[in-house]
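Quick notes on the structure that follows.
Start at 1 with the first residue, then count along the sequence. First listed ligand is number 1; within each ligand, the first listed atom is number 1. None of these values were measured; they are calculated from a predicted model.
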Amino acid sequence: MERGERGGCVERVRAGFAERFGGAPEWIVRAPGRVNLIGEHTDYNDGFVLPMAIDRAVWIALRRRPDRRVIAHSLDMPHAAEFGLDWLEHGGPGWHEYLKGMAWAMQEAGHALQGWDGVLAGDVPVGAGLSSSAAIEMAAARAFCAVSGAAWAPAAMALLGQRAESRWVGVQCGIMDQMISAAGRAGHALLIDCRSLETELVPLPEGTAVLVLDTSTRRGLVDSAYNERRAQCDRAAHALGAAALRDVRMEELDGAGDAPGLPDAIAFRRARHVVGENLRTLEAAEAMRRGDARALGALMVASHESLRDDFEVSSAELNAMVACALRQAGCYGARMTGAGFGGCAVALAEAGSAAALAEGAAACYREATGLTASVYVCEASDGAGVVEGPG
Ligand code: GLA
């Protein structure tokens, strides 16, 4: 979707609301998807990540109900969400489970919630690794906070979103996606310490653009492989006597050589990725603070190689896309982004070259794989917020 159309989501949910419920919504809330610049598969190891919120999001137009029911329709996806807050039950798979899960987690945490009528729309591609589910969760959290008069606390809501995802929906994700959707800031990436949840806004280097390169491949394998990687990391940390791989230093691993202490060579490679990626992420934040796009790009390339060779979560298509991006003029760096196995790569480009890079990378990718990619420039945008309505 082009920018003009995307700006149209506010109008779409407003019109959709009038059509479904009559009258005007009291609030329109929005929560973005994300792209991770660097720091992959580190969040569940208590490590560091450096994502940015993107200008693709989920919007909800809503109005408070006098009772404790939630009735929500999506303009993009089938099935309505309709549930009472006093009796939450699992339904079949679908976007509505994120709304229910969020209500469940917020109530468990002691929030007194109010019901609402709402209409959702969004332009975060589903299954592409740009966190459309975290965007729905944080938009729902924003909606519940608005109607219930609760203060918006980004980190607390991100934790509840992660809880909804793992305990209600059943996906064992880390904290990155919800944190950046809740707390992102325009023009910036966010360095997140996934242990303390301390954050630092880091400006994007001047004169650069961030491109998302969607391989158009989606792998069903992601969930089981993700859980397997998590378990391998936990086992490696345990074998090294550390609470998490965050606490392991590279010297300890180098010393391990063929991995005495670690069960096998796979555990060693997984650990080497996480320990190295944490160092790269901190270095990347430092490079951004001094506006050094070249250094940031080189770290992104090293991250990709480590994800491909040590963590083994890349794919032939992601590798082809990264190679194609790196071949274009004005490309500082590129890597796969998100959980892996399919979905998107991210590239850092010289701003003036971004359009040509997008075109060149897509053509190169088509030649290499026979597949059609969608490549676009992403603006770093604000995290979850109220677009219209009281506070
Ligand atoms: C998914 C998860 C995140 C994170 C990434 C990999 O996006 O939801 O928590 O673990 O994979 O970095």
Ignoring hydrogens and angles, write down the donor-acceptor pairs under 3.5 Å from the side chains of residues 195-205, residues two or more places apart or on other chains.
{"unit_1": "R195", "atom_1": "NE", "unit_2": "D46", "atom_2": "OD2", "d": "2.9"}
{"unit_1": "R195", "atom_1": "NH1", "unit_2": "D247", "atom_2": "OD1", "d": "2.8"}
{"unit_1": "R195", "atom_1": "NH2", "unit_2": "D46", "atom_2": "OD2", "d": "3.1"}
{"unit_1": "R195", "atom_1": "NH2", "unit_2": "D247", "atom_2": "OD2", "d": "2.8"}
{"unit_1": "S196", "atom_1": "OG", "unit_2": "D193", "atom_2": "OD2", "d": "3.3"}
{"unit_1": "S196", "atom_1": "OG", "unit_2": "E198", "atom_2": "N", "d": "3.1"}
{"unit_1": "E200", "atom_1": "OE1", "unit_2": "R289", "atom_2": "NH2", "d": "3.0"}
{"unit_1": "E200", "atom_1": "OE2", "unit_2": "R289", "atom_2": "NE", "d": "2.8"}
{"unit_1": "E200", "atom_1": "OE2", "unit_2": "R289", "atom_2": "NH2", "d": "3.4"}

For E283, the side chain to side chain donor-acceptor pair (under 3.5 Å) test, sequence neighbours excluded, returns none
The side-chain contact (heavy atoms from CB on, under 4.5 Å) partner of W95 among L120, V58, D76 is L120
(Q) salt bridge (Lys or Arg N to Asp or Glu O under 4.0 Å) for D117 and R65? Distances and angles first, verdict last. (A) CA-CA 7 Å; D117 290 329; R65 286 177 63 97; 2.9 Å; yes
Would you mind writing out a table of all protein N or O atoms found under 3.5 Å from any N or O atom of ligand 1, naming both atoms and giving the distance to 0.1 Å?
{"unit_1": "ligand 1", "atom_1": "7 (O)", "unit_2": "R34", "atom_2": "NH2", "d": "3.0"}
{"unit_1": "ligand 1", "atom_1": "7 (O)", "unit_2": "D177", "atom_2": "OD2", "d": "3.1"}
{"unit_1": "ligand 1", "atom_1": "8 (O)", "unit_2": "D177", "atom_2": "OD2", "d": "2.7"}
{"unit_1": "ligand 1", "atom_1": "9 (O)", "unit_2": "D43", "atom_2": "OD2", "d": "2.5"}
{"unit_1": "ligand 1", "atom_1": "9 (O)", "unit_2": "G174", "atom_2": "N", "d": "2.8"}
{"unit_1": "ligand 1", "atom_1": "10 (O)", "unit_2": "D43", "atom_2": "OD1", "d": "2.7"}
{"unit_1": "ligand 1", "atom_1": "10 (O)", "unit_2": "D43", "atom_2": "OD2", "d": "3.4"}
{"unit_1": "ligand 1", "atom_1": "10 (O)", "unit_2": "Y226", "atom_2": "OH", "d": "2.6"}
{"unit_1": "ligand 1", "atom_1": "12 (O)", "unit_2": "E40", "atom_2": "OE2", "d": "2.7"}
{"unit_1": "ligand 1", "atom_1": "12 (O)", "unit_2": "H41", "atom_2": "N", "d": "2.7"}

Correct closest heavy-atom pair for P125 and L130 would be CG-CD1, 3.8 Å
Here the side-chain hydrogen bond (donor to acceptor under 3.5 Å, both in side chains) pairs for residues 229-238, sequence neighbours left out, are Q232-R270
